[in-house]
Amino acid sequence: MKTIVMDSANKYIVVAIFEDGQCIDMIQEAGHRKQSEYAIVYLKKLLDKHHLQILDFDEMVITIGPGSYTGVRVALTIAKTIAATSDIQIKTVSSLKALAGMNKAIAILDARSQKVFTGVYDHGQTIVKDQMIEVSQLDELIRHYKDYELVGDLSFVGQEDREVNLAQQIYELAELEEYVKDVDNLVPEYIKEVEAKKICQ
C-alpha cells in the first residue's frame, strides 16, 4: 500500500510518501504562502527521487482545514485532480487533529482578528469538535481540559511553538478514517464562530 500525504492548510507545507506503514521520504517546511508554489514541485521531487509515479499509489491523505483560505485549497485541488485521472482513493484529516496526532491534546491555530481555531482530541477521537473562538476564551477551554497537552500556535498562550512530525501524525490518523465517497464534491472545512457557552459541550 503506497500513500501520499499532503498538508498545505497552515504554516507548513508537508509532502510525504509512505509504503506499507513506513515513511519513505518527506518534506516539512515552514513558510506561509509557499504552499501553492511548492506543493506540486515537492511532490514531483519525491516521486522522481524514488522513481515513482502517481499511478503507483493507492491512496492520498490530505488535511481539509480549518486553515488558510488559499492553503486549504492547494492540497484539496491536487487530490481532486489526481483522483479524477487515476484510481487513487482519498482520505481527509482535520488540520487541528493533525497537530494533536494520537495524543491527548488541545490544538490551536491562528484564525486572525484575535480568534483561534481549536479542537480537543484524545488518541484520535474528537472530544470537542473543531471550532473558532475568541482568544480570550482559551483560558476557559484550557482550565476545563487541564490534563491535555497544548499543540499548535502556542504563542497565544505565551509558549514557544513546537514542531511536530505532521506527515506521520496525519498518516496514523488516516487509519481511523473512511475513504471519501464523492471526491468531486469535497470542499474545505471552514468554521464559523461559536458562542462561548458552547466551548465545553
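Hydrogens, waters and symmetry mates play no part in the numbers below; they use all other heavy atoms, side chains included. Remember, it's a predicted structure, so these values are computed and weren't measured experimentally.
L55 belongs to no hydrophobic cluster, as no Ile, Leu, Val, Met, Phe, Trp or Tyr side chain comes under 4.5 Å of its own. Through direct or relayed side-chain contacts under 4.5 Å between Ile, Leu, Val, Met, Phe, Trp and Tyr, M1 connects to Y179.
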Show your reasoning for whether side chain to side chain contact (heavy atoms under 4.5 Å, CB included) applies to L173 and M102. CA-CA 7 Å; L173 288 166; M102 297 299 288; 3.6 Å; yes
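Of the candidates I54, I78, L52, L46, I54 is the only one forming a side chain to side chain contact (heavy atoms under 4.5 Å, CB included) with I4.
Linking Ile, Leu, Val, Met, Phe, Trp and Tyr whenever their side-chain heavy atoms come within less than 4.5 Å leaves V72 and V93 in two separate clusters.
Applying the salt bridge (charged side-chain N to carboxylate O under 4.0 Å, His left out) definition to pairs two or more places apart or across chains, those involving residues 99-108 are K104-D147. A salt bridge (charged side-chain N to carboxylate O under 4.0 Å, His left out) check over residues 49-65, counting only residues at least two apart or in different chains, returns the pairs D25-K49. Sorted by first and then second residue, the ring pair (Phe, Tyr, Trp, His ring centres under 6.0 Å) pairs with a member in residues 55-76 read Y69-Y190; sequence neighbours excluded.
When the ring pair (Phe, Tyr, Trp, His ring centres under 6.0 Å) test is applied to F156, no partner is found at least two apart in sequence or on another chain. Judged as a side-chain contact (heavy atoms from CB on, under 4.5 Å), and not counting sequence neighbours, the contacts of K80 are L76, V183. Residues that satisfy the side-chain contact (heavy atoms from CB on, under 4.5 Å) test with M26, not counting sequence neighbours, are A16, C23, Q28, N165, A167. Residues meeting the side-chain contact (heavy atoms from CB on, under 4.5 Å) test with Q159, sequence neighbours left out: L150, L154, V157, R162. A79 meets the side-chain contact (heavy atoms from CB on, under 4.5 Å) test with M60, I62, I90; sequence neighbours excluded. Not counting sequence neighbours, the partners of Y171 by the ring pair (Phe, Tyr, Trp, His ring centres under 6.0 Å) test are F18. Taking the ring pair (Phe, Tyr, Trp, His ring centres under 6.0 Å) definition, one finds that Y12 meets it with nothing, sequence neighbours left out.
At least one side-chain heavy atom of L96 sits less than 4.5 Å from a side-chain heavy atom of L109. Between V5 and Q168, every side-chain heavy-atom pair lies at or beyond the 4.5 Å cut-off. With contacts defined as side-chain heavy-atom distances shorter than 4.5 Å, the pair Q137/Q131 does not qualify. Inter-residue side-chain proximity for D161 and K11 is flagged as met; some heavy-atom pair is nearer than 4.5 Å.
Summarising the local packing, CD of Q22 is surrounded by 12 or fewer heavy atoms from other residues, nucleotides or ligands at distances under 6.0 Å. The environment of D87 atom CG is sparse: at most 12 non-hydrogen atoms of other residues, nucleotides or ligands sit within 6.0 angstrom. Other residues, nucleotides and ligands place more than 12 heavy atoms under 6.0 Å from the CD1 atom of I142.
Atom CD1 of I191 sits about 9.5 Å away from atom OG1 of T118, to the nearest 0.5 Å. From S68, atom OG reaches atom CG of D110 across 11.0 Å, with rounding to the nearest 0.5 Å. S94 contributes atom OG, which lies 4.0 Å from atom OH of Y121 (distance to the nearest 0.5 angstrom).
Using cut-offs of 30° and 60° for the angle between ring planes, the Y38 and Y42 rings count as parallel.
The backbone N or O of A98 sits less than 3.5 Å from a side-chain atom of Q169, completing a donor-acceptor pair.
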